[in-house]
Structures are given as C-alpha cells and as structure tokens.
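Have a look at the structure below, then the notes.
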Amino acid sequence: MPDLVVIGGGHAGCEAALAAARMGVDTLLLTLNMDGVALMACNPVIGGSAKGHLVRELDALGGEMGLAIDDTFLQSRMLNTSKGPAVHALRAQADKQEYQNRMRTALFTQPRLTVRQGEVAAIDVENGHVNAVHTVSGQRIACRAVIVASGVYLRSSIIIGESITPGGPQGLMSAPHLSESLEAIGFPLRRFKTGTPARIDVRSIDFDEMTPQPGDEPVTPFSFLTERPLVNTHQCYLTWTTPETHRIIRDNLHRAPLYSGKIHGVGPRYCPSIEDKIVKFADKERHQVFLEPEGAKSHEWYVQGMSTSLPEDVQWQMYRSVPGLRRAELTRLAYAIEYDCIDSRQLRPTLESMHVRGLFFAGQINGTSGYEEAACQGLLAGMNAALGIQGRAPLVLTRDMAYIGVLTDDLTTKGTDEPYRMMTSRAEHRLKLRQDNADLRLTRISHDLGLASDERMARTERKMRETQRLLGVLQTTRYTPGTDFDAWLKRHEQPESLTGVSAQELLRRPEIHLSDLAEMTPAVQSADAQAREQAEIEVKYAGYLERQDALIRRASAMEEKLLPEDIDYASVTGLRIEARQKLTRQRPRSLASASRIPGVSPADIAVLMVWLEKTKEEAPDRKKES
C-alpha cells in the first residue's frame, strides 16, 4: 500500500512524486498515459521572466526540472540583462522528447516511487481525511494522502473552430470522471481555457526571410549542481504578422470560438490568442512571431505568438500570410482547450485542502498556467504531503522567502479569476528574491527537511563561505596612486585618485565590474564565479538591499502573528460582515495573510490585532484558573 498517491504525471505530478519519495515516503504516481509524462503540450521552453526564478528555487529545494533542462536544452538565453539583477531571467528551449525521456528516467529510477498508467475516478474521504482512491478500472488503492495534479485534463475539450471534442493536449484523452468526485467532496469547479499554436514542418519554413535569434555564450545553467560547460546547438528565429494576417483574422472573427460563444472558459490574460491580440490591440500594425524548434530530431517547429482556435481553413491562410511561412505545412493544428479547476482559496498555504486532511492540489487544477508554476506547486505539495505522513510540521514559504511563497500566497489568499502566471511585479521583495541566490535562501530549509542532498548543501555552504571571503577582500584591499593604478584608472575612463581608494568603493561605481578589479587583484580573479556574482550584487546594491531587509522585517512581524485555526470570526466584535464571511471561508494563517484578502480592510486588521493581544493576555489567567 502506498502512503501517497499522486494523480497526474505532468510537471506538478512529477515533482510532487519525486519530492515525497526522496523524503522517504512510499509513493504511487498514476498517470492517464505514460506517453504524457512530463509532456510539454505547449511551447517546449523552461524559464523566462519570473519563471526562471521559480525554476532556480525549485532546483535549490531539490527538484528535478533544473537538472532535466540542463541535460536537454537546445538554446539558452538570459533575459532582461539590460536591467538590474532582480529581473534577470534564464530561458531555455528544450528538446521536447528528450526532456520527457530525461524526466521519465528520474521517475523510474527513484527508490520508493512507482509509476503506473491509470485514471482515478474518485477519492474516498472518511472523517474528514483521505483514505483511498478508486481507478476507472475498478481498483481501490488505500493511502494516507493524495495529491491531485490533473493539469488541464479534467472534463477537457479541444476546440478548433466549430469542432468541439472531448480530449486532452496533443491527442491524449481527457479525464471525465474525477470532477464529479471532487464536487461531491465539496470543491465547486469552474472552467478555464488555454491554447497552443500550430506546429509547422521545418522543411516548409524559409528562414532567410526571418531574423536569427541566437543563444547566449557562455550558457548559464539552471541547476546549481550543473558545473560542466553547456553548449547551444540551435537558434530560434523572429518574424512578424502582416496587414494581410490581420485582415484574415478580422474577416473570420465571427467564426472564432472565442467570439462566437463556443468558448466559455476564462483564458490567460498574459498569453492571449492571436485573434485576441488583433481585437484588443487594433492599433498595432504587426505582432512578433518566434519560430522555435521542438527537438533536435523533430521536423516540427513551434510558432510562438500565434496561438488560436480559429477553424482549420482560416489557420492555413493566417499562418501562410507571415513572412517565412508562405509555404508552411501545418503538422498539427492550433487549438484551445477548456478544463475544470478548483478555487485555490479552499487551500492552505501548504496546498492542503482546508476541509479534507491529506488532500493536496498542485498545478493547473489550482488555476495556474505554465510548467514552472505547476512544478513548484508539485514540489511544495509533495514535501508537505510527506511531512504530514511523517507527523512533522508543514513547510510554509512566505512572500519574503521565495517566489514560490508569492505564488502560493496569491493563490490561497487572493485566488485567481483567470489562469495565473508568475511575474516579477507580483513579488514586493524581488531584489532579495533573485534567481542567483535561490540556493542561499532555500537549500538549507530543504536539506533540514530531508529533500535537498548533502552534496547540494555542501556546495551552498561553499558558495556562502567564498562570497564572504571575497567581500572581505573587497573591504580590505586598497589601491594607492602609482603608475599601475593610474594606468588602470585611465584605461577604464575613471578620474585620477590622489589619496587612493578601496576595491569596495571602486566597485560601487556603475561603470566598474568585479571582472575589472580582477585585473589588479589575484584574490578576485581566483574566486568562484557564483561567489563573484553574489559579492558584486551585495556591494553595488547595498543600500537598496538594506532598505529591502527593513521592509521584510516589518512584513515578517505581521507574518509571525498567527491566527488560531478555530477562531470564531462571528464572535470578534468590530469586524465588518464582509470581513467575517471572507475570513471564515479562507481561514488565513496570519495577520499578514488576512490583510491580503480582498474585502478585508485595514480597520478589520486593527480589530484582529486587538483581539489577538486580548486573547494573549487572557491566556495566562485561564491557565491559573485551571
């Protein structure tokens, strides 16, 4: 009998199952189709703006996605390098098939983990606790916890023009049975929508009409464990829609399911279909289109920026109106997909149900979009399911600790009315939550809980020590006027120094980088690359980081004021009716969480603060009386 059953083999399910098994829990992963394990149903890309932060955090905690993409990428780029380090974001084009193979290998070789093909039809709950799942084929599997990571498959429908058929991504079947069980348990479901563009035969693409988009050299790995040199093997291409493209779409809007009423689900705001772009940004003469490979051995290329659910005949016209795609042969049509998901406000910050112990949810079932958001939720749910089974305290990542904390807090406190996508603007402490320091923030937490390996922890400690040593070198090294130093200043277009200057003071100048100081200081030149990155950021952004620390300390004070789970909000004098209703429904963990619930005002928070203080004062008196 497994202790834990994970429902779904997508990016959330894979990370959940691996995390729990690595923490010593006997785990069964049930997937609709073995061929769909770790499938990149949309663009085969890992990372991007804010998503790169999530993958780095996932890796720092001991997840698999960072290692898998380092082993299978085709092209890698660091985005936003013209801006500050807080928004630098790694993005890598994956070999779609190889990524799946790599993740399957991790799953099938992981001790304490079993992977099977099968569809779950129902979840058994007894006395408010999960105790089994039932498969469509009739098997009852007893367990102590369940993670629902069903992706976009629950009662899913594929929509292409007038055609609406039950099904999942890329020809896989849907999961029509589990939704009814979730509703019976007490989870009202809603419909969300996402979509994907067509795939095109590479032999029909005229790349000479497009602009090459090469990767970065050297390549920055996603995983903190990857030390070998990585090499780009492919490049992507940029082209643009044309007035003809826009005319074709406008002439056929009445046939677009999005506007004809065929689609009822809510779609993603930040990844709209091409017809949505044409309508909402009517003043734009053209839109970017990226052509990206799906694999080293695949003839299919992905058309980033042209997701649609228009009818097939319109798709052929539309894609062939784009420069470089005049001869395009569509190997797979674009489509929209509608599916069931829950209201994530029914979950605790651990991703466990508020009302059913041992029942966790992760990924698109929670209303999110993206492989990275799903994988991080899977990892957190897997860790907390394991901790619960082992009788240990749960892991809660707060907003000041990680982007994953921002993600889970947004979902469980604010909820989402559309597919949720992580963005750097959602993180108020983003200067501290950089992708380069994810290991320094999170690896010790995970190691103490038994997930991050000893090797990973040792590397993190080495990075910490090397960074501190280098910061000490910068503080104590002083350059005095002389022939060599004067020549260095002139070479770097810096003013003459009559009294000398420290390495730290020089590095604070916007034009000077640590690599420049390495020309004069061997101790800088010999330092580890990751430590050099940390030290440079620490020095250049010292003032900003100090202010961010002060904000975090104030926020932490609110996070530490925990609200009792059994508090009767109806009896708290002074709370408004709306606040009482929302607080009762969502059961926030802390005053900080309560303050982020829409409809709970600062005055309501003040009332709760007074109530907490009063309860604290009365507690010793009650103890004396007893």
Requested in this report: Answer yes or no: is there a side-chain heavy-atom contact under 4.5 Å between M423 and K51?
Outcome: no

One should read off an interatomic distance between T416 OG1 and D343 CG, to the nearest 0.5 angstrom, of 9.5 Å

Practice prompt. For side-chain hydrogen bond (donor to acceptor under 3.5 Å, both in side chains), just list the numbers for T368 and Q377, CA-CA rounded to whole Å, side-chain angles, deciding distance to a tenth of an Å, and then say yes or no.
Written response: CA-CA 10 Å; T368 60; Q377 291 173 72; 3.0 Å; yes

query = Would you say the side chain of S223 lies within less than 4.5 Å of the side chain of E64, judging by non-hydrogen atoms?
reply = no

- Using modelled atom types only, decide if a donor and an acceptor are shared between the side chain of S181 and the backbone of L178 within a distance under 3.5 Å. no

Is any side-chain heavy atom of R589 closer than 4.5 Å to a side-chain heavy atom of L563? no

Exercise. Going through the distances and angles, do T443 and D439 end up as a side-chain hydrogen bond (donor to acceptor under 3.5 Å, both in side chains)?
Worked result: CA-CA 5 Å; T443 296; D439 54 341; 5.7 Å; no

- Side chain proximity check, D436 to H88, heavy atoms < 4.5 angstrom: no

Of I141, I147, V130, L29, the one forming a side chain to side chain contact (heavy atoms under 4.5 Å, CB included) with V5 is I141

Check your understanding: How about F192 and C341: do any of their side-chain heavy atoms sit closer than 4.5 Å?
Key -> yes

Practice item. Tell me, yes or no, whether the heavy-atom count around Q139 atom CD, taken from other residues, nucleotides or ligands under 6.0 Å, exceeds 12. Key: yes

Looking at side-chain heavy atoms only, is the closest gap between D276 and S273 below 4.5 Å? yes

Salt bridge (Lys or Arg N to Asp or Glu O under 4.0 Å) filter on E119, not counting sequence neighbours, yields none

- Message: Between D400 and T398, does the side-chain hydrogen bond (donor to acceptor under 3.5 Å, both in side chains) criterion hold? Intermediate values first, please.
- Response: CA-CA 6 Å; D400 61 310; T398 54; 2.6 Å; yes

Task: Residues R190 and D340 bridged, charged N to O under 4.0 Å - done: no

Under a 4.5 Å cut-off applied to non-hydrogen side-chain atoms, are T460 and M457 in contact? yes

Checklist entry - Within 45° of the axis and under 6.0 Å from the centre of the six-membered ring of Y420, does NZ or CZ of R426 qualify? => result yes

*asked:* Does R456 qualify as a cation-pi partner of F224, given the criterion of NZ or CZ under 6.0 Å from the six-membered ring centre and within 45 degrees of its axis?
replied: no

- Contact check, side chains of H429 and Q548, non-hydrogen atoms, under 4.5 Å: yes

Open item on the list: More than 12 heavy atoms of other residues, nucleotides or ligands under 6.0 Å from CE of M609: yes or no?
Closed with: no

